[in-house]
Trainee: 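There's a structure below that I have some questions on.
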2 protein chains.
Amino acid sequence: MTTNHRPSTPSRRAPRGSAAAARTVPSAGGGAPAGGRAARGSARDKLIAAAHQTVRRKGYAATTVDEICTVAGVTKGAFFHHFASKDALAVAAAEGWTERARPMFELPPHTKLEDPLDRLLGHIDFRLAMLEGPVEDFTCFVGTMVQEAYATSPAIRTACEASITAYCEALAPDIEAAIARHGISHGVGAMSLARHIQAVLQGAFIMAKTTDDPAIARDSVTHLKRYILMLFGRG
Amino acid sequence: MTTNHRPSTPSRRAPRGSAAAARTVPSAGGGAPAGGRAARGSARDKLIAAAHQTVRRKGYAATTVDEICTVAGVTKGAFFHHFASKDALAVAAAEGWTERARPMFELPPHTKLEDPLDRLLGHIDFRLAMLEGPVEDFTCFVGTMVQEAYATSPAIRTACEASITAYCEALAPDIEAAIARHGISHGVGAMSLARHIQAVLQGAFIMAKTTDDPAIARDSVTHLKRYILMLFGRG
DNA sequence: ATCTACATACCGACTGGTTGGTATGTTGTC
DNA sequence: GACAACATACCAACCAGTCGGTATGTAGAT
């Protein structure tokens, strides 16, 4: 598709609050001054959500700007109105991914448990439960993208690093508190363990992609959970 | 580069046995009838080695056929003489990757240790020692490629799966023997642990790419080694 | 031994479709 | 009416794959 005709979305201006799947991404500005419906200025968020979806399936380089536009239901004019280049969208989408992951540390029930170790184990169980259905629905956008861009685009690599670091830093306080309360073997550090958790998840995603089977990924995360239990003397 | 001029390799017909880094890939035919030097029929192997090198740096989709040819020091004519398509090269390169990894299980000193657990731990240490220098020199070709191709090319996905499965199956016998001799906690299975080892390595590669720092990867593999030690009651 | 017939290995200009990006027009809003 | 938020038309570069041709071997007949 070279030119980009109006995409065949049945009703372009959705009634209100549609595109629910990707609504977690905020306006990325500051405080919305007033007004209820965003309506017209929604192309940016839709493009970012479309990038998340498409890149996770096909990778970054294989994903074309036209395709992102089609999935988002907008035209190329809208794309280059909001983003200076494909790479600029990638950077914005990496930032958007961080926002999209944030509720994971606040919403689920386990985040209210009293013992920080229980919160940590609850998080692992939560990630474990996510590993179901189509592979492209639970894999990591930034993990996928950084593989292709780490050596060719410093801006994208840095944006992906920021997203992954944010995840680890969101995880670290509970680990820190769990260490303080329960102690840990071998003097393992909180950030070190947080990064290892992230690494196992990323590796589990690759194994799931390779075998086209989420069960392989779940098995690996189960090993991870066992390791954490053993570190805290609950083996 | 659209047209493909003769690449600027100083002497095209290498004296003998150059390209040593990728020599592990055999002729892929059957029994070589006679003859000593391969010389003329070396384009295929050089293209596969070039694919390993380039794809690990830039990813599969971003790597062009022209670029692979340039790195290999051959022309496009040679490329399409040996491979029907870019995807066909990818499949062959995945098979070549398995061959290239095979010596890892035979050559290093630790493979001759008497205790299978020592051999396993020696392998982890070996992988740990590999995590140095430029990221693109120690990362996994099939792990990188499958991320981009798992949903779009069944042939490539299957070839990558075969390579990773071969790695796990090469690792499993020692794990099995170690379990038989030393016992293991929680009834962990040999293939399950082998796949987890592979997952942690793949995850460590992604973390190294993200941070552009092999130390992060080493830290994760150190966690893995500690987990294995604990499983075998040597925590 | 040499010549014919054929096969394999390789070269490089060319092509048609694709892709990121641009230039310009249109519509809604303050 | 001015400005933001789009839409449409278009382009130059790029890229996988093609194709006619050449160089090098090799097997069989004479």
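The figures that follow rest on heavy atoms only: side chains count, while hydrogens, waters and symmetry mates do not.
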Trainee: Please report, rounded to the nearest Å, how far the C1' atom of D:dA4 is from the NE2 atom of A:H81.
Mentor: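 The answer, rounded to whole Å, is 6 Å.
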Trainee: Assign each of B:T64 and A:G77 to its nearest nucleotide of DNA chain D by heavy atoms, then name whichever residue's nucleotide is nearer the 5' end.
Mentor: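 It is A:G77, whose closest nucleotide lies nearer the 5' terminus.
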Trainee: Would you mind reading off the distance between A:F79 atom CZ and C:dA23 atom C1', rounded to a whole angstrom?
Mentor: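 A:F79 atom CZ is separated from C:dA23 atom C1' by 17 Å.
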Trainee: At what distance, to the nearest 0.5 angstrom, does CE of A:M145 lie from OG1 of B:T210?
Mentor: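 Atom-to-atom, A:M145:CE and B:T210:OG1 are 10.5 Å apart.
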Trainee: Rounded off to whole Å, could you give me the CG-to-P distance for the A:L89 and C:dT19 pair?
Mentor: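 A:L89 atom CG is separated from C:dT19 atom P by 16 Å.
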Trainee: Any idea how A:F205 and A:F138 line up, ring-wise: parallel (<30°), tilted (30 to 60°), or perpendicular (>60°)?
Mentor: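 Taking A:F138 first and then A:F205, their aromatic rings sit tilted (interplane angle of 30° to 60°).
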Trainee: For A:K58, enumerate each residue passing the salt bridge (Lys or Arg N to Asp or Glu O under 4.0 Å) test, keeping only those at least two apart in sequence or located in another chain.
Mentor: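 Salt bridge (Lys or Arg N to Asp or Glu O under 4.0 Å) check on A:K58 returns A:E67.
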Trainee: Round to a whole Å and report the spacing from CZ of A:F83 to C1' of C:dT22.
Mentor: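 It works out to 18 Å between those atoms.
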Trainee: From the set D:dT8, D:dA16, C:dC11, return the single nucleotide nearest to any side-chain atom of B:F80.
Mentor: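 Nearest nucleotide to the side chain: D:dA16.
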Trainee: Under 4.0 Å between a side-chain N/O of A:H82 and OP1 or OP2 of D:dC6, yes or no?
Mentor: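 Yes, because at least one side-chain N or O of A:H82 sits under 4.0 Å from OP1 or OP2 of D:dC6.
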Trainee: Nearest whole angstrom, please: distance from the C1' of D:dA13 to the NZ of A:K86.
Mentor: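 One finds 15 Å between C1' of D:dA13 and NZ of A:K86, rounded.
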Trainee: Just how far, in rounded Å, is P of C:dG17 from CG of A:D66?
Mentor: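 In whole Å, C:dG17 P lies 16 Å from A:D66 CG.
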Trainee: Of all residues at least two apart in sequence or in a different chain, which pass the ring pair (Phe, Tyr, Trp, His ring centres under 6.0 Å) check with A:Y150?
Mentor: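 Once residues adjacent in sequence are excluded, A:Y150 has no partner under the ring pair (Phe, Tyr, Trp, His ring centres under 6.0 Å) criterion.
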Trainee: For a quick check, tell me whether the side chain of A:K76 and the base of C:dG21 share a donor-acceptor pair closer than 3.5 Å.
Mentor: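 Checked by distance alone, the answer is yes.
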